[in-house]
2 protein chains.
Amino acid sequence: MERDESLKLENQTCFAIYACAKEITKLYHPVLKELGLTYTQYITMLALWERDRVSVKELGERLYLDSGTLTPLLKKLETQGFVSRIRDRSDERQLLIELTDAGRALKERAYDVPEKVFCQAGMPASELMKVRVQMTELMRAIHPVAAVAETTPD
Amino acid sequence: MERDESLKLENQTCFAIYACAKEITKLYHPVLKELGLTYTQYITMLALWERDRVSVKELGERLYLDSGTLTPLLKKLETQGFVSRIRDRSDERQLLIELTDAGRALKERAYDVPEKVFCQAGMPASELMKVRVQMTELMRAIHPVAAVAETTPD
DNA sequence: TTCAATTGAATTGCATACAATTAAATTGCG
DNA sequence: CGCAATTTAATTGTATGCAATTCAATTGAA
């Protein structure tokens, strides 16, 4: 690539992904508003609907979020009545996140969400799946980097 | 897709893109720190290196950011000495953003950035290009939606 | 057992993001 | 011209995100 081309905005994969991520979040906004959830709260609920009564640490690993983001977000979900935050009796350092009945009930109303957003996005499901596979591959390529670098022999 | 599968985190294209975007930003962080830029400031400088003396509105359209984000960010870049913020004499509503000499000089030091980040990401350039093309397509599919919906006949 | 090292969550500080509103400047219609 | 509608930034309020630090609980080695 030409020296100058390398710094053009339209040649930055990072920017394409960054901009896309933000637009997608905006697409979810009106749909999630009906459920009383923000986008980050929504993916947190998705994780919990699959498996709850988990520590903040485990939740953070599944969502790629740290306690700085999750602590206030989970307090908010607790205030809204969707989760309970309970200290683990056998290890008081850990905070277990459990769905409430209302939290579990919310799942019923969430089943429509993906389809509603799909309809807004004018893209066939097969294309979206391709994108997902590529993103997952890219994620695998970059996410463990830090950990690997640390264990590199010197 | 099975009813329950549709809400699984690993099946959400939105989550794959969202998580990827965040990890990529983290990859840039240490590299950009040497230049004294955050990620958002960096893409703003990329846009300005291509074309400066533009209004906040035009910059926002190219970066998909609004004045709520750009106003404080541009003030920061001004404080750092990389840009000047000048009211357009012929239309006082507009604020023109111009690179300073220091801002233009910074470009020289930025040429290394993409390669440095590539090296951290263990992915061939051809794969990254494929990702970029797909993201750009997806962006085209979803971004104009709102505008189109407004002009739909009733 | 004892205490230093580690672990997990919370906190702090800073930088986004964006919806909604506000305020100033400009435009365009009558 | 005169003023309502529009346009552009800035502001306000809320919600992330994350690096770095702190604090309490637990673990593990001597």
Side-chain angles (χ1 to χ4, degrees), chain A residues 14-15 18-33 36-45 54-61 63-80 83 85-97 143 146, chain B residues 14-15 18-33 36-45 54-61 63-80 83 85-97 143 146:
Chain A
C14 67
F15 177 66
Y18 158 86
C20 225
K22 286 190 305 165
E23 289 306 313
I24 290 175
T25 303
K26 279 191 236 178
L27 232 46
Y28 275 82
H29 190 263
V31 179
L32 293 177
K33 201 172 182 179
L37 295 176
T38 63
Y39 180 76
T40 315
Q41 289 166 1
Y42 170 67
I43 62 162
T44 302
M45 292 302 286
V54 293
S55 68
V56 172
K57 178 188 164 69
E58 178 182 331
L59 200 52
E61 282 168 357
L63 295 170
Y64 304 98
L65 291 172
D66 74 357
S67 66
T69 303
L70 283 175
T71 295
L73 185 146
L74 291 168
K75 283 180 180 172
K76 194 73 188 294
L77 287 177
E78 186 182 45
T79 301
Q80 294 176 279
V83 308
R85 300 163 64 250
I86 315 147
R87 278 292 152 189
D88 186 340
R89 300 282 280 281
S90 67
D91 183 345
E92 295 275 344
R93 287 173 305 182
Q94 297 190 28
L95 187 73
L96 298 179
I97 310 301
H143 185 62
Chain B
C14 68
F15 177 66
Y18 158 86
C20 224
K22 288 189 303 166
E23 289 306 313
I24 289 175
T25 303
K26 278 191 238 178
L27 233 48
Y28 275 83
H29 190 262
V31 179
L32 293 177
K33 200 172 181 179
L37 295 175
T38 63
Y39 179 76
T40 314
Q41 289 166 0
Y42 169 67
I43 61 163
T44 302
M45 291 303 287
V54 293
S55 68
V56 173
K57 179 187 163 68
E58 179 182 330
L59 199 52
E61 280 167 358
L63 295 170
Y64 304 99
L65 291 172
D66 73 358
S67 66
T69 303
L70 283 176
T71 295
L73 185 146
L74 291 167
K75 284 181 180 171
K76 193 74 188 294
L77 286 176
E78 185 182 45
T79 302
Q80 293 176 279
V83 308
R85 299 164 68 250
I86 314 147
R87 276 293 150 191
D88 186 339
R89 299 281 281 281
S90 67
D91 183 345
E92 295 275 345
R93 287 173 305 182
Q94 296 189 29
L95 186 73
L96 298 180
I97 310 301
H143 186 61

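Scope of the values below: all heavy atoms of this structure, side chains included, with no hydrogens, waters or symmetry mates. Chain letters run A, B, ... following the sequence lines, proteins first, then strands; residues in each count from 1.
If you measure from atom CD of A:Glu92 to atom C1' of D:dA24, you get 10 Å, rounded to the nearest angstrom. With rounding to whole Å, B:Lys76 atom NZ is found 8 Å from C:dC14 atom C1'. Atom CG in A:Asp66 sits about 14 Å away from atom P in C:dT11, given to the nearest Å.
A heavy-atom distance below 4.5 Å is found between the side chains of A:Leu74 and A:Leu59. Using a 4.5 Å cut-off on side-chain heavy atoms (C-beta onward), B:Leu65 and B:Thr40 make contact.
The base of D:dA9 is not paired with the side chain of B:Thr71 by any donor and acceptor separated by under 3.5 Å. Between the side chain of A:Thr38 and the base of D:dA15, no donor-acceptor pair of N or O atoms lies under 3.5 Å.
Considering only side-chain atoms of A:Leu65, the nucleotide from D:dA9, D:dG17, C:dA25 that sits closest is D:dG17. Closest to the B:Leu95 side chain, of the nucleotides D:dA9, D:dC18, D:dT16, is D:dA9. Picking from D:dT27, C:dC18, D:dA9 the nucleotide with the shortest atom distance to the side chain of B:Ser67 gives D:dA9.
Dashed line: the shortest gap from a side-chain N or O of A:Tyr18 to OP1 or OP2 of C:dA17 is under 4.0 Å. Under 4.0 angstrom from either OP1 or OP2 of C:dG8 there lies no side-chain N or O belonging to A:Arg85. Checking the phosphate oxygens (OP1, OP2) of D:dG17, a side-chain nitrogen or oxygen of A:Thr40 falls inside 4.0 Å. The shortest distance between the side-chain N/O atoms of A:Lys22 and the OP1/OP2 oxygens of C:dA17 is not below 4.0 Å.
When each of A:Lys57 and A:His29 is assigned the nucleotide of DNA chain C with its nearest heavy atom, A:Lys57 is the one assigned upstream, toward the 5' end. In this structure, A:Asp91 and A:Lys26 both approach DNA chain C, and ranking their closest nucleotides by distance from the 5' end singles out A:Asp91. Between B:Leu74 and A:Leu73, the residue whose closest nucleotide on DNA chain D is further toward the 5' end is B:Leu74.
In this structure a side-chain-to-backbone donor-acceptor pair under 3.5 Å is missing from B:Arg87 to B:Leu96.
The aromatic rings of B:Tyr42 and B:Tyr28 sit tilted relative to each other, their planes meeting at an angle between 30° and 60°.
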